[in-house]
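Just below is one structure, and these are the notes that go with it.
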Amino acid sequence: MSSKPERLIDEKGLRLDGRKPDELRPIKIEVGVLANADGSAYIEQGKNKILAAVYGPKELHPKHLALPDRMVLRCRYHMAPFSVQERKSPAPSRREIELSKVIREALEPAIFLEYYPRTATDVFIEVLQADGGTRCASITVASLALADAGIPMRDLVAACSVGKVDGTIVLDLMDVEDKVGEADLPLAYMPNLDAITLLQMDGNLTPEEFEKAVSLAIEGCKKIYNMQREALKARYVSVKEVEE
Ligand code: ADP
C-alpha cells in the first residue's frame, strides 16, 4: 500500500506523477491480442495493465437462463493475485462481483442485444496490474474486445474517472489519489450517442464541483474514444495485411 503523501498537488499545480489536473495518464491500447478468444483487447493506462477477452454470441447453458428476446451479457472482472502490492486472493471478492455487475451495465446499452435472442456473450476481464481506475479502463478495453468479436454495437463505451484531491478537480485518478483524495467519480460515456452509461461517486462534491467534474470526465472519455478508434483501425489494417 502506498503511504499517505503530505500533498497530492505541488505549488506549481502539478500532481505526484507530474500531470496537470486535466491530464490523462499515458494510454496504450491494442486490439486483437489473443488468438483463441472471439475478440480481445489490451490496455495500459498509467500503471494499469488490463486484458479483455470475449466469447460469443453462443448458445446459453443452462437453457432456462436464456432470454427469448435478447442476448445475455455476462461479465467477469478479476484481479490477478499479483496485480496489487499485497497478494490478492484469487477467489472472487465482493468488490470484484460488484465491479463485474457495474461494468456489464455500462456495456449493455452499447450492444444490440436484441439481435441475438436466446444466446450469451461472455466478457472476461483480467487486471494484471492495478493502479486506480481499473473499472473505467476495464470498460474501455472490454468495449473494444466486443467490437473485435464483431458484436454489433451502437457506439464504443469510453470511461475514465474524475475526482477531487487537495481541493482541485482532477482527471483520471491513480491509486494514491483515489485512496487519499476527497472524492472519486468514475464515468462511462458513449460519445456518438452523448449518453452516460456509468456514474458512481465516492466522497463529497458541491453541485458546482460535480458539474465541473462530470464535464471533465466527459472530455477525458472523448479523448479515450479517439484512441479506441485508432486502435480498432490499426487492428483492421493488420488483419488486411495478413490477408493480402
Ligand atoms: P477502481 O480500480 O475502479 O478505481 P476501487 O476504487 O475499488 O476501483 O479501487 C481503487 C484501487 O485500489 C484499484 O485500482 C487498485 O489499485 C487498488 N486495490 C483494489 N483492490 C485491492 C486489493 N485487494 N489490494 C490492494 N489494492 C487494491
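Indexing begins at 1, ligand by ligand and atom by atom, following the structure's order.
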For Ser40 and Val33 the tightest heavy-atom approach is OG-N, 2.9 Å
- Query: Under 3.5 Å, side chain of Ser143 to main-chain N/O of Val157, donor-acceptor pair present?
  - Reply: yes
Closest heavy-atom approach to atom 21 (C) of ligand 1 among Val84, Val176, Ile50 is made by Val84
A student checking ligand 1 against Lys179 at a 4.0 Å heavy-atom cut-off should list atoms 11 (C), 12 (O), 17 (C)
Worksheet item: Transitively linked via ILVMFWY side-chain contacts under 4.5 Å: Tyr225 with Ile29?
Response: yes
Under 4.0 Å between heavy atoms, the region of Glu86 that gets near ligand 1 turns out to be neither
Check your understanding: Between Arg95 and Tyr77, does any side-chain donor sit less than 3.5 Å from a side-chain acceptor?
Key -> yes
Closest non-hydrogen atoms of Asp22 and Lys223, given as atom of the first, atom of the second and distance, are O-NZ, 4.1 Å
Check: Can you tell if the side chain of Met79 reaches within under 4.5 Å of the side chain of Glu96, non-hydrogen atoms only?
Finding: yes
Report yes if Arg135 has an N/O atom closer than 3.5 Å to an N/O atom of ligand 1; otherwise report no. yes
Taking only non-hydrogen atoms of Asp175 and a 4.0 Å limit, the atoms of ligand 1 in range are 11 (C), 12 (O), 15 (C), 16 (O), 17 (C)
Shortest non-hydrogen pair, Asn48 vs Gly132, comes out as ND2-O, 2.7 Å
Quick note on ligand 1: atoms under 4.0 Å from a heavy atom of Ala130 include exactly 15 (C), 16 (O)
With heavy atoms and a 4.0 Å threshold, my read on which part of Thr134 contacts ligand 1 is both
Worksheet item: Any N/O of Asn48 closer than 3.5 Å to an N/O of ligand 1?
Response: no
Within the structure, is a non-hydrogen atom of Pro186 found at a distance of less than 4.0 Å from ligand 1?
no
What I want to know is whether Gly132 and ligand 1 share at least one N or O pair that is separated by under 3.5 angstrom.
yes
* To do: Would you check whether Tyr77 has a nitrogen or oxygen atom less than 3.5 angstrom from a nitrogen or oxygen atom of ligand 1?
  => no
I want to know if ligand 1 touches Gly133 in the polar sense, i.e. an N/O pair below 3.5 angstrom.
yes
For a 4.5 angstrom cut-off between non-hydrogen side-chain atoms, does Ile50 reach Ile125? yes
